[in-house]
Q: 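Can you keep this structure in mind? I'll have questions shortly.
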Number of protein chains: 2
Amino acid sequence: MDESQVIDALGALAQETRLRILRFLVTKGSDGASAGEIGEAVDAASSRASFHLSTLANAGLVTAERKSRHIIYRVNFDAVGGMIGYLINDCCGNHQAVIACCQIPGKC
Amino acid sequence: MDESQVIDALGALAQETRLRILRFLVTKGSDGASAGEIGEAVDAASSRASFHLSTLANAGLVTAERKSRHIIYRVNFDAVGGMIGYLINDCCGNHQAVIACCQIPGKC
DNA sequence: TCAACGTTTCAAGTATTATTGAAATAATGG
DNA sequence: CCATTATTTCAATAATACTTGAAACGTTGA
């Protein structure tokens with residue numbers, strides 16, 4: 001994951017609706033959810049949910065797969081992990097205070 | 001760290017110059033660096049560096065301390081860790097693929 | 001094929017953010 | 001106190017992003 005990919009991913013998550021979408025999709029795991037279900041869950045019109053989902057997909061943070069009339073969106077956990085790994089390893093030089101937050105759940 | 005703080009922090013880092021500033025300040029550790037030195041390091045005019053530094057400071061990611069004619073900026077490692085911890089714990093539900101990136105350096 | 005459903009695209013308006021250079025502020029040494 | 005240095009603020013412009021509703025698209029079942 002290079003710098004510009006990380007910037008895209010950070011920008012994609014720096015928005016209330018999209019952060020909520022990610023949280024919701026995480027709870028759905030590999031089942032994923034359709035755009036309509038997602039829009040309802042985060043209280044957004046379908047066009048708005050679609051817009052934000054395509055932003056997340058462009059940033060690589062979610063995947064889309066058509067299933068009949070629905071399009072199922074899922075979190076791309078590797079991409080989320082890659083972004084976080086970049087922040088920890090490349091950007092923060094594995095600084096102790098940063099690593100502690102990952103190794104001790106609830107610390108930060 | 002609550003949702004809106006995390007969104008501010010993510011937005012602050014979702015910009016090339018500011019991400020570079022963070023990386024540079026990480027290498028400086030507790031010594032920190034002045035706005036002029038930072039601007040030179042990231043190839044930005046002083047007014048631009050100042051603007052981005054205040055954005056980072058507003059998001060809590062850096063601290064500012066006047067030392068004689070200079071103002072020394074330092075990374076707030078706790079804030080960076082807090083943001084990352086939020087993503088891992090609250091947002092991603094400690095999903096294995098995400099955690100792996102923190103525990104195995106170089107994995108992602 | 002046609003109607004219905006879920007989803008995406010589009011256009012217009014609004015808002016936020018980035019950039020630049022100039023002016024203003026703050027602190028120090030002479 | 002004044003000149004110098006470091007930094008911030010300001011104003012104007014440009015670019016990017018958000019929201020909304022309507023229209024268009026693709027898929028399915030009748």
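Chain A is the first sequence line, chain B the second, and so forth, proteins listed ahead of strands; every chain is numbered from 1.
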Q: Whether A/R18 and A/E16 form a salt bridge (side-chain N of Lys/Arg under 4.0 Å from carboxylate O of Asp/Glu) is what I want to check.
A: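 No, A/E16 and A/R18 are not salt-bridged.
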Q: What is the distance, rounded to the nearest whole Å, between atom CG of B/D8 and atom P of C/dT17?
A: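 One finds 9 Å between P of C/dT17 and CG of B/D8, rounded.
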Q: Using modelled atom types only, decide if a donor and an acceptor are shared between the side chain of A/R66 and the backbone of A/S68 within a distance under 3.5 Å.
A: yes
Q: Do any N or O atoms from the side chain of B/R74 and from the backbone of B/T63 form a donor-acceptor pair under 3.5 angstrom?
A: no
Q: Quick one: which of C/dT20, D/dG21, D/dC18 gets closest to the side chain of A/S47?
A: D/dG21
Q: Over how many whole Å does the gap from B/L56 atom CG to C/dA18 atom P extend?
A: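 For the pair B/L56 CG and C/dA18 P, the rounded distance is 10 Å.
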Q: Taking only N and O in the side chain of B/Q15, is any of them less than 4.0 Å away from OP1 or OP2 of C/dT19?
A: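 For B/Q15, the contact criterion (side-chain N or O under 4.0 Å from OP1 or OP2 of C/dT19) is met.
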Q: Select from A/A14 and B/A35 the residue whose nearest nucleotide in DNA chain D is closer to the 5' end of that strand.
A: B/A35
Q: Tell me if the CD atom of A/E40 is crowded by more than 12 foreign heavy atoms within 6.0 Å.
A: no
Q: Is the shortest side-chain N/O distance from B/H52 to OP1 or OP2 of C/dT19 below 4.0 Å?
A: yes
Q: Name the nucleic acid region contacted by B/S34, choosing base, sugar-phosphate or nothing; use a 4.0 angstrom heavy-atom cut-off, strictly under.
A: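 Answer is sugar-phosphate: B/S34 comes under 4.0 Å of backbone atoms only.
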Q: Within the structure shown, what part of the strands sits under 4.0 Å from B/S68 by heavy-atom distance: base, sugar-phosphate, or nothing?
A: sugar-phosphate
Q: Round to a whole Å and report the spacing from CG of A/L53 to P of D/dT19.
A: 13 Å
Q: Would you say CG of B/D43 has more than 12 non-hydrogen atoms from neighbouring residues, nucleotides or ligands within 6.0 angstrom?
A: no
Q: By nearest atom, which of the nucleotides C/dT19, D/dT8, D/dT19 is closest to the B/F51 side chain?
A: C/dT19
Q: Given D/dT28, D/dT5, C/dT8, which nucleotide is nearest the side-chain atoms of B/R69?
A: D/dT5
Q: Side chain of A/H70, heavy atoms from C-beta onward: which of D/dT7, C/dA18, C/dT7 has the nearest atom to it?
A: C/dT7
Q: Rounded to the nearest angstrom, tell me the gap between atom CD1 in B/I21 and atom P in D/dT7.
A: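 These atoms are roughly 13 Å apart.
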Q: Taking NZ from B/K67 and C1' from D/dT7, how many angstroms apart are they, rounded to a whole number?
A: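 Distance check: B/K67 NZ to D/dT7 C1' gives 17 Å.
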Q: Could you check how far CZ of B/R18 sits from C1' of C/dT19, rounded to whole Å?
A: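 Computing the B/R18:CZ to C/dT19:C1' distance gives 12 Å.
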Q: Would you mind reading off the distance between B/I38 atom CD1 and D/dA6 atom P, rounded to a whole angstrom?
A: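 Rounded to the whole Å, the gap is 14 Å.
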Q: Find the distance B/Y73:OH to D/dA6:P and express it as a whole number of Å.
A: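 To the nearest whole Å, that distance equals 14 Å.
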Q: Given the structure, check if the side chain of B/R48 and the base of C/dT19 hold any donor-acceptor pair shorter than 3.5 Å.
A: no
